[in-house]
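Comments concern the structure below.
The shown structure was predicted, so the numbers you read here are calculated from the model rather than taken from an experiment. Naming: A, B, ... by sequence-line order, numbering from 1 per chain.
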Amino acid sequence: MSYTSSEMMTVAAARALRNDDVCFVGIGLPSAACNVARLTHAPDLTLIYESGTIATRPAILPLSIGDGELCETALTTVSVPEMFRYWLQGGRITLGFLGGAQIDRYGNLNSTVIGDYAKPKVRLPGAGGATEIASQCGRTFVVMQQSARTFVEKLDFLTTLGHGRTGRERRELGIRTAGPQLVVTDLCMLQPEQDTCEFIVTSLHPGVTREQVQQNTGWPVRFADTVAQTAGPTADELAVLRELNERTARAHRSDS
Amino acid sequence: MSYTSSEMMTVAAARALRNDDVCFVGIGLPSAACNVARLTHAPDLTLIYESGTIATRPAILPLSIGDGELCETALTTVSVPEMFRYWLQGGRITLGFLGGAQIDRYGNLNSTVIGDYAKPKVRLPGAGGATEIASQCGRTFVVMQQSARTFVEKLDFLTTLGHGRTGRERRELGIRTAGPQLVVTDLCMLQPEQDTCEFIVTSLHPGVTREQVQQNTGWPVRFADTVAQTAGPTADELAVLRELNERTARAHRSDS
Amino acid sequence: MALFFRLEEAVSDLIHDGDSVAMEGFTHLIPFAAGHEIIRQRLRNLTLIRMTPDLIYDQLIGAGCARKLIFSWGGNPGVGSLHRLRDAVERGWPNPIEIEEHSHAAMANAYAAGASNLPCAVFRGYEGVDLAQLNPNIRTVTCPFTGERLACVPAIRPDVAVIHARRADREGNVLLEGIVGVQKEAVLSAKRSLVTVEEVVDNFGPRSPNAVILPKWTVSAISVVPGGARPSYAHGYYSRDNSFYVKWDEVSKSRESFLEWLRLEVTA
Amino acid sequence: MALFFRLEEAVSDLIHDGDSVAMEGFTHLIPFAAGHEIIRQRLRNLTLIRMTPDLIYDQLIGAGCARKLIFSWGGNPGVGSLHRLRDAVERGWPNPIEIEEHSHAAMANAYAAGASNLPCAVFRGYEGVDLAQLNPNIRTVTCPFTGERLACVPAIRPDVAVIHARRADREGNVLLEGIVGVQKEAVLSAKRSLVTVEEVVDNFGPRSPNAVILPKWTVSAISVVPGGARPSYAHGYYSRDNSFYVKWDEVSKSRESFLEWLRLEVTA
């Protein structure tokens, strides 16, 4: 069965979710991954969106973090200050999803500027919830398209702390949450090496070579002693994902 | 028309309320006074109880700060942390009612202990909301039975700040709210003297003499240059108060 | 994940000698049944936390469960004193009790800080009052922008929170409604939590999208205890038994009549 | 005390050149109609405050109303960049704009602190990130009990808050419902406030006792503006016009097409 690299990413991320996770979900691929997980192996997965919706069960994917669908299918909806105070900072979220324009080998992220902060070449959206999602969720997953432009030797700006600029800062700051534990790309999966916290390739997606991964990584990327091969999406996983996308497209077409 | 000294107190307090006041109401006489005001000259008076009920319009007087009647007739009911943060500390309450076991000439109150704090002769209930009601409402009224035992030269414990132990502390602490502006007793009304902030008698209830007031005050009480005579309760005021009390008694009898 | 247990089991699993326990309910929904179960299980050396200790803690203190009380207003609402609390503070019966005393504003902020996983609560308060001198847990922080001094108290982080609610659904989510007090904050601030409820429903049905709900994964145990808030009340189920509050003044006045009540009504 | 005004009148009474203005609505209920009225009245040198500047501030910035932006996420949700914001930041068009940048957690806490009449908000956050070095309004306080360093930002206290709500009652109380974001906090933190609503009802009827309501005495002015949140949405009234968000990417990309849109759709 053929599938796109984006479908592979989504399915790989979905598989990493546990049935008892309480997820802080971002729009786009994380939202798709969480909902695929909920519709396959993790029916009790709890989804929380930063707009305040708790335990939502959307039938279609939201286009924004605050779609009406999220509120309608939620157990309850709280204010945004409450979301950040009692729920995220309160330590009640086990897993957060992050992305960005740039990532470094220690899982730090930039979503603020390309170039100088005061005089940027490109002004990006900024931190949003990411800064505190990264420090306060039990653990985080990063999902990004992999390229030498996005997987960089040195971030232009550190928006979101992974394991820190040398891999040690997170621990030194006394942050008790685990930080980024998985990076899923369209090519492979990376996980932090135990002692150094450097992200190393632990699984290659079907048909992807080590050379391809290195070409699309801005630092000399390292590979685990045994590198797994990611299982391709199953027929069931693909069906669930495509139905979800189809339902979503249909619903959003009829909106306008 | 005959009336009790408690009815006189209630009516005198009720008259001091303005139609546009937002009142933080305590149980007992303050609650009676506020509801009499609402049913007579101040129909738009907003009543807030510290249980979280905002803009309540009880038909009967509550026996506790959190009676069901208060919630049922409220515009809305918020959590207690929100009540203290957004509403009281937020500066949205124009008037608070206070009482206590002891008051001094500067309107400071004791509701904590008689005797030594560590080894009290009498352990009283404590501050409750009073400490911050006193500093955060626009102004406060004190309602108390007057006697030499309760109107004292020196408080055993300063639970609630009036104008401070010398009448100057409130201003020196930079507190911008007005503090206690009226003390209503069963004998008279006292108001703070402009410069000293000492409470002086400004109005005697019908039939009360200056000697009676002095006998029931633990410090050499002073009188304003012109002391008014409090108008006795009108027939209308009495009727409203007594109907309210009667409705209340009837309702609470049928509860049990 | 909330599971349903018999009250006896839930109390013995969740609450242990020496624990700090917050039993909340602001006039409405006071968890009396759970309090009585604590007395029956003869738990000792508890640090009891509650804004308004009320009859429920008067009973636990009189029964000898408490080593310490953290509170902000200790009276019988609309009636008068808590005689068992006073006897413990004034005369050390049945055992001396340590008290840590606050204002309502401080306690409410401290619960919110606990629910927010903060070490302390920062607010305006305690200006010019004696309590601020006596309680070493009342301190200040300085605003780094304006230089203002603000009050600061430790966050409340109890070992166990106990509340009563009107209903849970079959999954174990809990709906709070009406006068909600600090109950949600108490549960979110605690390591473990017990919720007694009037009833279990299949689902909560149509409701405000902003209904106050504790998701199942925030609650350790639920016990179905109809009437579990009596003599306090559960809106829509039963009214406050005001006559009991009045009667308590008599019952609790002497040690003998209190012990007699305890034997007949709780431990028998 | 809330009174009902025409939008034109309310904006001209409440908002002045140089004011700090918080227009809130978290995806839901964004007050676009009020934003367009601000553009029509050619207000200048505003400090615009908003967690997610979104299309509404892209329009105000492009129209030259803003001197400064305080924000935490500046994108077109699900679509991409805010081109007018980028043009102002990257190239100073139509005028240079100062930015003060935060995280969502900081902004949400800062609104809550403003609503609570505090000078600053204390929370956990900003550990180890570059923004904390660059923004002088990100500082720390030390917990006097544990010695932990906590993040601290100034409270948000805007001159004016502007929100859109589903309905007001005839007395001027405002019901918020669904995704309520930071709208209540924005209004309570501001000196003055304007609420546009879909409709006015005689009364709110049966509702949760804990419904999110702004009492009339917390709101300066109400304007009835059906559709006032379009192309954002008002739950129960109309859906989000997702196609407009996509189209905006094209419209806003060049100065010319933006000015053309502004002339045809707003100022004409």
Does [X], at its [atom1] atom, have more than 12 non-hydrogen atoms belonging to other residues, nucleotides or ligands within less than 6.0 Å?
| X | atom1 | result |
| --- | --- | --- |
| A:Arg242 | CZ | yes |
| D:Arg207 | CZ | yes |
| A:Glu172 | CD | yes |
| D:Arg255 | CZ | yes |
| D:Lys247 | NZ | no |
| A:Arg247 | CZ | yes |
| A:Arg139 | CZ | yes |

Mind checking the OG-NZ spacing from A:Ser79 to D:Lys184? Nearest 0.5 Å is all I need.
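If we round to the nearest 0.5 Å, A:Ser79:OG and D:Lys184:NZ are 8.0 Å apart.
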Under the side-chain contact (heavy atoms from CB on, under 4.5 Å) rule, what do A:Val80 and D:Met107 come out as? Steps first, then yes or no, please.
CA-CA 10 Å; A:Val80 165; D:Met107 294 280 287; over 6 Å; no
Would you confirm whether [X], through its side chain, and [Y], through its main-chain N or O, come within 3.5 Å as a donor-acceptor pair?
| X | Y | answer |
| --- | --- | --- |
| A:Glu132 | D:Tyr126 | yes |
| D:Glu127 | A:Leu173 | no |
| D:Asp130 | A:Leu158 | yes |

With a 4.5 Å cut-off on heavy-atom pairs, point out which of [options] contacts chain A the most.
| options | value |
| --- | --- |
| D:His104, D:Arg86, D:His102, D:His28 | D:His104 |
| D:Ser72, D:Gly75, D:Gly78 | D:Ser72 |
| D:Pro77, D:Gly128, D:Gly181 | D:Gly181 |

Can you confirm whether [X] sits close enough to [Y] that some side-chain heavy atom of one is under 4.5 Å from a side-chain heavy atom of the other?
| X | Y | result |
| --- | --- | --- |
| A:Arg123 | D:Ile99 | yes |
| D:Phe123 | A:Gln89 | yes |
| D:Asn109 | A:Pro81 | no |

Counting only non-hydrogen atoms closer than 4.5 Å, does A:Ser51 touch chain D with its backbone (N, CA, C, O), its side chain (CB onward), both, or neither?
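For A:Ser51, the contact with chain D is made by backbone and side chain together.
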So what's closer than 4.5 Å to chain D heavy atoms on A:Arg165: side chain, backbone, both or neither?
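Answer is side chain: those atoms of A:Arg165 sit under 4.5 Å from chain D.
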Identify the two heavy atoms, one from [X] and one from [Y], that lie closest to each other, and give their separation to 0.1 Å.
| X | Y | answer |
| --- | --- | --- |
| A:Phe84 | D:Ala108 | CD1-CB, 4.2 Å |
| D:Trp73 | A:Gly126 | CD1-O, 3.6 Å |
| A:Pro120 | D:Val89 | CG-CG1, 3.9 Å |

Is any residue of residues 96-118 of chain A within less than 4.5 Å of chain D by heavy atoms, and which ones?
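The list, in residue order, reads A:Thr112, A:Tyr117.
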Could you tell me which residues in residues 63-78 of chain A have at least one non-hydrogen atom under 4.5 Å from a non-hydrogen atom of chain D, sorted by residue number?
A:Leu63, A:Ser64, A:Ile65, A:Gly66, A:Asp67, A:Gly68, A:Cys71, A:Glu72, A:Thr77, A:Val78
Go through A:Lys119, A:Glu82, A:Arg85 and name the one with the most non-hydrogen pairs under 4.5 angstrom from chain D.
A:Arg85
Given heavy-atom pairs under 4.5 angstrom as the criterion, report whether the side chain, backbone, both or neither of D:Leu131 touches chain A.
both
